[in-house]
Amino acid sequence: MIASPDPLAFIRENTRLLPVPHAPEIVLHVADEATALWQKTEDELEAIGLPPPFWAFAWAGGQALARYILDNPHVVAGRRVLDFASGSGLVAIAAAKAGAVHVTASDLDGFAIPAIGLNAAANGVAERIEAVRDDLIGSDPGSAVVLAADIFYECDLAGRVTQWLAGLHARGATVLVGDPGRSYLPRDRLERLATYEVPVSRSLEDAEIKRSSVWRFTA
């Protein structure tokens, strides 16, 4: 549970509503600098060791996957979609704008859930996005399309997510991944669909442009 008395006010006070660089059709409440917001979040909750505020930035893999969905709406149009580890809700919003009938946006960060709601409303798709704070790994959400971006950065988590997503693919789901070349991306189980040069914050990615690809599970 979020200890803050008003997480929505915290998000509004510490972010700005801006177009996403590689998907300017979408606007997000984003922060200017990661470390400062991270410190403010820990101060607000009177806690240390919290996860980074992934919800406050448009990460490279998410931008790539959002761009692909917007350019290829047939992938999600008329279908039920899961955006796993949704963060800001960027990919979920892209799916809703591309015609998905319902999008579940899941994340474990307590600030991500209200952030997703704010961002969905800012893009006029709130009625088709449901933000949930659940650990879905190992479950079958029943979605026809499963989207995941920027999740293969840690070994143990990547292993669990890979097995889960491969299982969803095996039962018939379309599983797409957005990734800028993170260390634990399971390339041997994936087919590359598209590659983009994505503008990013140097403070996040140690670069101003990050080559990022969209992949589909094939095994």
Side-chain angles (χ1 to χ4, degrees), residues 15-31 53-107 109 112-113 115-131 143-153 161 165 173-182 185 190 192-201 204-205 207-217:
T15 61
R16 294 186 294 156
L17 191 63
L18 296 173
V20 174
H22 205 60
E25 303 95 318
I26 296 172
V27 293
L28 295 177
H29 289 83
V30 293
F54 293 116
W55 54 268
F57 303 95
W59 297 84
Q63 289 196 58
L65 187 51
R67 181 74 267 154
Y68 183 83
I69 293 299
L70 291 169
D71 290 345
N72 298 274
H74 65 276
V75 174
V76 299
R79 308 177 81 184
R80 298 181 69 85
V81 174
L82 168 66
D83 177 26
F84 173 70
S86 187
S88 66
L90 168 58
V91 175
I93 291 165
K97 289 176 75 72
V101 296
H102 181 271
V103 184
T104 299
S106 74
D107 204 284
D109 189 320
I113 303 306
I116 291 167
L118 278 177
N119 290 328
N123 289 276
V125 292
E127 74 283 354
R128 278 183 285 141
I129 295 179
E130 177 188 6
S143 303
V145 181
V146 179
L147 308 173
D150 299 292
I151 56 172
F152 294 104
Y153 55 86
V161 170
L165 294 179
T174 298
V175 181
L176 302 183
V177 171
D179 191 273
R182 309 269 183 219
L185 181 70
L190 302 171
R192 192 196 311 260
L193 301 178
T195 298
Y196 306 96
E197 301 295 321
V198 179
V200 292
S201 168
L204 295 177
E205 299 283 8
E208 294 180 352
I209 299 292
K210 195 81 170 179
R211 176 167 290 187
S212 303
S213 296
V214 174
W215 307 78
R216 177 172 57 201
F217 262 79

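Please read all numbers here as calculations on a predicted model, not as lab measurements.
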(request) Determine the minimum heavy-atom distance between Q63 and P199, stating which atoms define it. (result) NE2-O, 3.1 Å
(request) Find out whether V200 and I209 are in side-chain contact, i.e. whether some heavy atom of one side chain is under 4.5 Å from a heavy atom of the other. (result) no
(request) Using atom types as modelled and distance alone, determine if a side-chain donor or acceptor of S86 lies under 3.5 Å from a backbone N or O of F84. (result) no
(request) Kindly give the heavy-atom pair with the smallest separation between L17 and A122, and that separation in Å. (result) CD1-CB, 4.0 Å
(request) Would you indicate whether the side-chain heavy atoms of D150 and P180 approach each other to under 4.5 Å? (result) yes
(message) Could you measure the distance from the CG atom of D179 to the CZ atom of R192? Nearest 0.5 Å is fine.
(response) 10.0 Å
Could you give the side-chain donor-acceptor pairs of residues 88-106 under 3.5 Å, partners two or more places apart or in another chain?
residue : atom : partner : partner atom : Å
S88     : OG   : L90     : N            : 3.2
H102    : ND1  : R80     : NH2          : 3.4
H102    : NE2  : E130    : OE1          : 3.3

Pairs of donor and acceptor atoms involving the side chains of residues 68-78, under 3.5 Å and at least two apart or interchain, shall be tabulated with distances.
residue : atom : partner : partner atom : Å
D71     : OD1  : R67     : NE           : 3.3
D71     : OD1  : R67     : NH2          : 2.9
D71     : OD2  : R67     : NE           : 3.2
N72     : ND2  : Y68     : O            : 2.9

(request) Determine, step by step, whether V177 and F217 satisfy the side chain to side chain contact (heavy atoms under 4.5 Å, CB included) criterion, reporting the C-alpha distance in whole Å, the side-chain angles of both residues, the deciding distance to 0.1 Å, and the verdict. (result) CA-CA 8 Å; V177 171; F217 262 79; 3.8 Å; yes
(message) side chain to side chain contact (heavy atoms under 4.5 Å, CB included) for W55 and I113? Distances and angles first, verdict last.
(response) CA-CA 9 Å; W55 54 268; I113 303 306; over 6 Å; no
(message) Looking at every heavy atom in both R182 and F152, which two are closest together, and how far apart are they?
(response) CB-O, 3.2 Å
(message) To the closest 0.5 Å, what do you measure between CH2 (W215) and CG (L65)?
(response) 13.5 Å
(message) Looking at every heavy atom in both L165 and V175, which two are closest together, and how far apart are they?
(response) O-CG2, 3.8 Å
(request) Measure the acute angle between the ring planes of F54 and Y153, then classify it against the limits of 30° and 60° as parallel, tilted or perpendicular. (result) tilted
(request) Spell out, as yes or no, whether a donor-acceptor pair under 3.5 Å connects the side chain of N123 to the backbone of V125. (result) no
(request) Write down the atom of L28, the atom of I26, and the distance for their closest heavy-atom approach. (result) CD2-CG2, 4.2 Å
(message) Is any side-chain heavy atom of Y196 closer than 4.5 Å to one of R211?
(response) no
(request) Measure the spacing between CZ of R216 and CG of L193 and express it to the nearest 0.5 Å. (result) 5.0 Å
(request) Run through V146, T174, L147 and flag the one making a side chain to side chain contact (heavy atoms under 4.5 Å, CB included) with V81. (result) L147
(request) Of all the heavy-atom pairs spanning G87 and I116, show the shortest one and how long it is. (result) O-CG1, 3.3 Å
